[in-house]
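What follows is one structure encoded as structure tokens, with my remarks underneath.
Proteins get letters first, then strands, A, B, ... in listed order; numbering begins at 1 in each.
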Number of protein chains: 2
Amino acid sequence: MAKTPIPLTGAITQIKVACNDCTLFQLCLPVGLDRHELDLLDSIIQRRRPIDRGESLFSMREKFRSLFAVRSGSLKTYTLTEDGREQVTGFHLPGELVGLDAIGTGAHGCTAQALETTSVCEIPFDRMEELWARIPVLPRQIIDVMSNAMREENSLVTLLGKKSAEERLASFLLNLSERFSRRGYSSREFNLSMSRNDIANYLGLAVETVSRLFSRLQEEGVLVVDSRFVGVNDLERLRALAGSGAGASGRSANNGVV
Amino acid sequence: MAKTPIPLTGAITQIKVACNDCTLFQLCLPVGLDRHELDLLDSIIQRRRPIDRGESLFSMREKFRSLFAVRSGSLKTYTLTEDGREQVTGFHLPGELVGLDAIGTGAHGCTAQALETTSVCEIPFDRMEELWARIPVLPRQIIDVMSNAMREENSLVTLLGKKSAEERLASFLLNLSERFSRRGYSSREFNLSMSRNDIANYLGLAVETVSRLFSRLQEEGVLVVDSRFVGVNDLERLRALAGSGAGASGRSANNGVV
DNA sequence: CGAATCCTTGAACACCTTCAACAGGGGTGG
DNA sequence: CCACCCCTGTTGAAGGTGTTCAAGGATTCG
């Protein structure tokens with residue numbers, strides 16, 4: 001989704017560069033655009049050198065200038081509570097847009113930080129607005145993406161509001177699994193780019209709880225875990241655990257919260 | 001935001017009916033539209049008879065046809081977990097739009113139910129799309145509204161992920177207080193249109209916990225509570241409680257979750 | 001190779017839930 | 001109009017899930 005090769009820091013050779021050729025075409029914003037419209041969009045998209053693990057793409061309260069699409073790697077977004085606690089609000093894989101929550105106020109509502117070396121497409125928002133007249137479906141695409149994001153957030157709210165620790169982790173892994181498989185990766189084996197800490201934070205749990213859950217799910221034969229690698233042995237069981245917690249574990253069928 | 005008087009079921013007389021005259025003008029979608037554009041928007045907006053407490057405006061998985069703006073009264077939206085538990089995802093006051101999360105998929109992702117007798121403006125989405133060419137700022141308005149909604153949801157995620165029970169209730173009351181005051185009502189005295197059950201559900205807590213918290217906040221002189229009426233005695237204290245839980249209560253400064 | 005960070009595991013504790021019983025309305029039908 | 005019921009809301013006691021505290025192992029990176 002960028003128009004010319006990325007300036008290289010190392011020895012990586014970028015090949016797929018234009019939206020036209022981008023493998024993320026089907027996942028990203030340009031879905032539904034014809035060739036001409038694609039070229040127009042392409043012309044405003046800016047490249048950046050890949051950012052390293054730990055670097056921020058933008059920070060909370062910073063002025064909003066651009067949307068970003070993840071091309072490779074992954075990001076986490078997080079907000080801060082009034083007293084400085086961090087809350088991870090999402091993990092973002094290739095093909096996904098970040099920064100959407102900043103449009104309304106003109107300032108970023110969260111910080112976006114790379115979980116690994118990550119390259120993104122930068123879409124300057126003012127230039128994109130100029131394109132709306134010439135690409136009428138573009139605003140509609142944005143609206144669709146935002147609408148889907150809102151629905152995603154609703155499931156996160158449900159997860160945090162109603163699910164037990166085990167259900168949360170199972171749901172999280174299933175969600176990742178689906179997203180990986182939609183990107184052509186295995187849905188049964190993958191490497192987590194985020195730390196246990198990030199996972200725990202995202203799921204509203206303590207790190208220790210997440211760690212214990214990984215261990216237990218491995219003992220029970222549902223998963224194979226090796227530090228950041230996760231293999232799903234029993235997908236059905238994982239689904240059951242994510243749904244209602246009525247799985248084989250000796251856990252009470254409480255109402256989720258706590 | 002509707003164009004002719006509402007068909008009356010009782011003896012209520014509707015007066016403010018067109019977007020032009022609507023008192024919610026500043027809160028609703030039409031912000032930033034000129035008179036001509038307002039008339040155009042006005043022409044597609046449909047009236048409905050007010051819906052009664054408990055009635056649904058739309059249901060989860062139902063085909064998406066329209067957005068709705070609350071004109072008077074209030075709504076709750078909720079989703080269901082796989083195993084049928086209900087999770088309240090939001091309360092909606094006059095001037096707020098619901099149904100936005102349905103645009104992307106074409107089917108509603110939540111159910112919207114009236115908490116009291118409520119009247120809404122219905123905005124058929126296909127007709128609204130037709131207007132985009134003639135009112136170029138309209139899609140941008142929608143995007144702004146959605147962006148703000150996403151940010152709102154992020155604070156809910158933070159609330160559920162990081163805050164203790166007391167912080168949750170305090171945050172909830174402050175949020176309501178601000179929204180009421182923006183609508184010209186008192187920020188220090190208001191009536192809740194939702195049950196304790198809905199509040200508890202929304203905050204990811206048990207009803208009993210919410211009830212106990214109301215009692216305690218009253219004992220401590222922060223609130224005056226009389227069933228659904230809430231009076232805020234000590235706004236500063238409520239703010240402190242919402243922020244970090246480092247208030248006067250003898251509560252440990254744990255990390256919130258649980 | 002040593003420091004730092006991440007991850008894991010164990011034990012005690014705490015916040016909130018669950019279970020239980022009761023009080024207060026509001027509506028319905030006698 | 002009162003009695004009854006149903007639902008909502010309150011309060012008390014016991015219990016549990018997940019946290020906190022603590023320490024040790026694993027991994028990374030200078």
Side-chain angles (χ1 to χ4, degrees), chain A residues 52-54 76 85 88 115-117 159-170 191-219 223 225-230 241 245 247 249-258, chain B residues 52-54 76 85 88 115-117 159-170 191-219 223 225-230 241 245 247 249-258:
Chain A
D52 292 330
R53 174 192 152 94
K76 71 170 173 181
R85 286 171 284 176
V88 175
L115 294 170
E116 57 194 311
T117 304
L159 181 144
L160 292 170
K162 285 280 163 300
K163 296 193 173 182
S164 70
E166 189 173 62
E167 291 174 303
R168 293 183 200 194
L169 185 60
N191 280 289
L192 304 171
S193 58
M194 66 290 287
S195 67
R196 297 283 191 273
N197 225 315
D198 288 334
I199 297 175
N201 189 311
Y202 177 67
L203 298 177
L205 300 169
V207 198
E208 294 93 329
T209 304
V210 170
S211 188
R212 275 185 257 269
L213 285 172
F214 269 121
S215 302
R216 197 170 72 203
L217 290 176
Q218 177 154 243
E219 276 172 28
L223 299 179
V225 183
D226 182 18
S227 74
R228 300 247 174 140
F229 170 84
V230 174
L241 292 177
S249 90
R251 183 154 286 239
S252 81
N254 80 327
N255 262 1
V257 182
V258 149
Chain B
D52 293 329
R53 174 192 152 94
K76 70 170 174 181
R85 286 170 285 175
V88 175
L115 294 170
E116 58 194 312
T117 304
L159 182 146
L160 292 171
K162 285 281 165 300
K163 295 194 173 180
S164 70
E166 191 173 59
E167 292 174 302
R168 292 184 200 194
L169 185 61
N191 279 290
L192 303 171
S193 58
M194 66 291 288
S195 67
R196 296 283 191 273
N197 224 316
D198 287 334
I199 297 174
N201 190 310
Y202 177 68
L203 298 178
L205 300 169
V207 198
E208 293 92 331
T209 304
V210 170
S211 189
R212 274 184 257 270
L213 284 172
F214 268 121
S215 302
R216 198 172 69 201
L217 289 176
Q218 177 155 240
E219 277 173 26
L223 300 179
V225 184
D226 182 16
S227 74
R228 299 249 175 140
F229 170 85
V230 174
L241 293 176
S249 90
R251 182 155 289 240
S252 81
N254 82 325
N255 261 2
V257 182
V258 148

Interatomic distance, B:N191 CG vs D:dG9 P [rounded to whole Å]: 13 Å

What's the CG-C1' distance between B:L213 and D:dT10, to the nearest Å? 13 Å

Closest non-hydrogen atom pair between A:K162 and A:E167, with its separation: O-OE1, 4.3 Å

In whole Å, what is the span from the CZ atom of B:R168 to the P atom of C:dC15? 14 Å

Judged by atom type as modelled, is there a donor-acceptor pair below 3.5 Å linking the side chain of B:R228 to the main-chain atoms of B:N191? no

Rounded to the Å, how far apart are A:E166 CD and D:dG18 P? 9 Å

From CG of A:D226 across to C1' of D:dG25 the rounded distance in Å is 15 Å

Nearest whole Å is fine: how far is C:dG25 P from B:F229 CZ? 16 Å

B:R216 atom CZ is separated from D:dG12 atom C1', nearest whole Å, by 15 Å

Taking atom C1' of C:dC16 as reference, at what distance in whole Å does atom CG of B:L160 sit? 15 Å

Under 3.5 Å, side chain of A:R196 to main-chain N/O of A:E208, donor-acceptor pair present? no

Can you name the closest pair of heavy atoms from A:K76 and A:D198 and give their distance? NZ-OD1, 2.9 Å

Per-nucleotide protein contact string for nucleotides 4-12 of chain C, where B marks a base within reach and S marks sugar-phosphate only (heavy atoms under 4.0 Å, - for neither): ---SBBBB-

Minimal non-hydrogen separation, A:S193 against A:E116, with atom names: CB-OE2, 3.3 Å

Residue pair B:L192 / B:F214: nearest heavy atoms and the distance that separates them: CD1-CZ, 4.0 Å

